[in-house]
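Predicted, not measured: the structure shown is a model, and the values here were computed from it.
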Amino acid sequence: MTGIGLALLLVASRAFERATLPWLVASQTVPVVAIAPMLAVLLGQYGVQGFLPKAIIAAYIAFFPVAVGMSRGLRSADQLHLDLMRTYHATPAQTYRLLRFPASLPHLFTALKVAVTSALVGSIVAEISTISFSGWARCSRRTHAPVTRLPCG
């Protein structure tokens, strides 16, 4: 939803697009392998642990394709149709609801397909980079009796 909201702002104002789009592109140049451990440590300092850091990393990665794809889709409406909406004295909200949103759906679904794949990869990288390697050691210290045989299903 944040990506769609940002796309609406990017389409509504050229000045906002010129000011924020370079920062959006620059934010995606840092590899997720580098940023995931730093984000996990930073959030861990504030007591945020568990599922939330991984979800934040996945959302960060999925945000960019949705914002760019949706803004491209909102701009993809035919100029003749936009002129027709102006001829009918449609408000900007009506233009978005009746013309721009339906025209942007193919771009949105393509962007969502890319975003889901990227978010899955990002969540796997986040899981690997924030993993605690003391899990088996903790489990083995809790048991008092040595394991003599393994259960065979």
Side-chain angles (χ1 to χ4, degrees), residues 1-139 153:
M1 293 304 294
T2 308
I4 294 173
L6 182 70
L8 286 170
L9 290 173
L10 288 173
V11 171
S13 171
R14 286 280 185 182
F16 182 76
E17 180 184 16
R18 286 188 202 129
T20 58
L21 197 57
W23 291 102
L24 285 173
V25 172
S27 73
Q28 296 298 309
T29 60
V30 179
V32 69
V33 176
I35 202 167
M38 292 187 296
L39 187 62
V41 168
L42 179 69
L43 291 173
Q45 294 291 325
Y46 295 106
V48 179
Q49 295 176 349
F51 176 72
L52 190 58
K54 297 162 190 75
I56 290 172
I57 292 169
Y60 166 74
I61 292 172
F63 169 77
F64 180 74
V66 172
V68 171
M70 187 67 177
S71 68
R72 174 129 172 119
L74 288 171
R75 291 186 195 277
S76 71
D78 189 19
Q79 188 63 38
L80 289 174
H81 294 150
L82 289 169
D83 290 340
L84 182 65
M85 294 298 279
R86 275 190 224 105
T87 303
Y88 287 153
H89 299 288
T91 64
Q94 288 173 332
T95 303
Y96 276 96
R97 183 173 56 90
L98 297 173
L99 180 63
R100 289 188 185 258
F101 281 135
S104 70
L105 288 179
H107 294 274
L108 175 64
F109 290 135
T110 303
L112 287 174
K113 188 168 52 170
V114 171
V116 166
T117 306
S118 300
L120 179 65
V121 171
S123 63
I124 290 171
V125 168
E127 179 69 33
I128 290 171
S129 64
T130 60
I131 202 164
S132 173
F133 292 105
S134 61
W136 174 250
R138 286 184 188 167
C139 290

Would you say [X] and [Y] make side-chain contact, with heavy atoms under 4.5 Å?
X: Arg75; Y: Glu17; value: yes
X: Leu74; Y: His107; value: no
X: Gln28; Y: Leu24; value: no
X: Tyr60; Y: Leu39; value: no
X: Phe64; Y: Leu6; value: no

Rounded distance (nearest 0.5 Å) linking atom [atom1] of [X] with atom [atom2] of [Y]:
X: Met85; Y: Thr91; atom1: CE; atom2: OG1; answer: 8.0 Å
X: Thr20; Y: Leu10; atom1: OG1; atom2: CG; answer: 4.5 Å
X: Ile56; Y: Leu43; atom1: CD1; atom2: CG; answer: 5.0 Å
X: Ile61; Y: Ser27; atom1: CD1; atom2: OG; answer: 10.5 Å
X: Phe51; Y: Ser123; atom1: CZ; atom2: OG; answer: 8.5 Å
X: Leu80; Y: Leu84; atom1: CG; atom2: CG; answer: 9.0 Å

Verdict with reasoning, Ile35 to Ile57, per side chain to side chain contact (heavy atoms under 4.5 Å, CB included):
CA-CA 9 Å; Ile35 202 167; Ile57 292 169; 5.5 Å; no
What are the two closest heavy atoms between [X] and [Y], and how far apart are they?
X: Ala62; Y: Ala115; value: O-CB, 3.6 Å
X: Val32; Y: Gly122; value: CG2-CA, 4.4 Å
X: Ala36; Y: Ala126; value: CB-CA, 4.1 Å
X: Leu99; Y: Ala77; value: CG-CB, 4.0 Å
X: Ala111; Y: Pro65; value: CB-O, 3.3 Å
X: Pro102; Y: Tyr96; value: CD-O, 4.1 Å

Do any N or O atoms from the side chain of Ser76 and from the backbone of Gly73 form a donor-acceptor pair under 3.5 angstrom?
yes
Check for a donor-acceptor pair, side chain of Ser13 on one end and backbone N or O of Leu9 on the other, with a separation under 3.5 Å.
no
Exceeds 12 heavy-atom contacts within 6.0 angstrom, atom CZ of Arg86
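Enclosed: over 12 neighbouring heavy atoms sit under 6.0 Å from CZ of Arg86.
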Option from Ile4, Leu8, Val11 for which side-chain contact (heavy atoms from CB on, under 4.5 Å) with Met70 holds:
Ile4
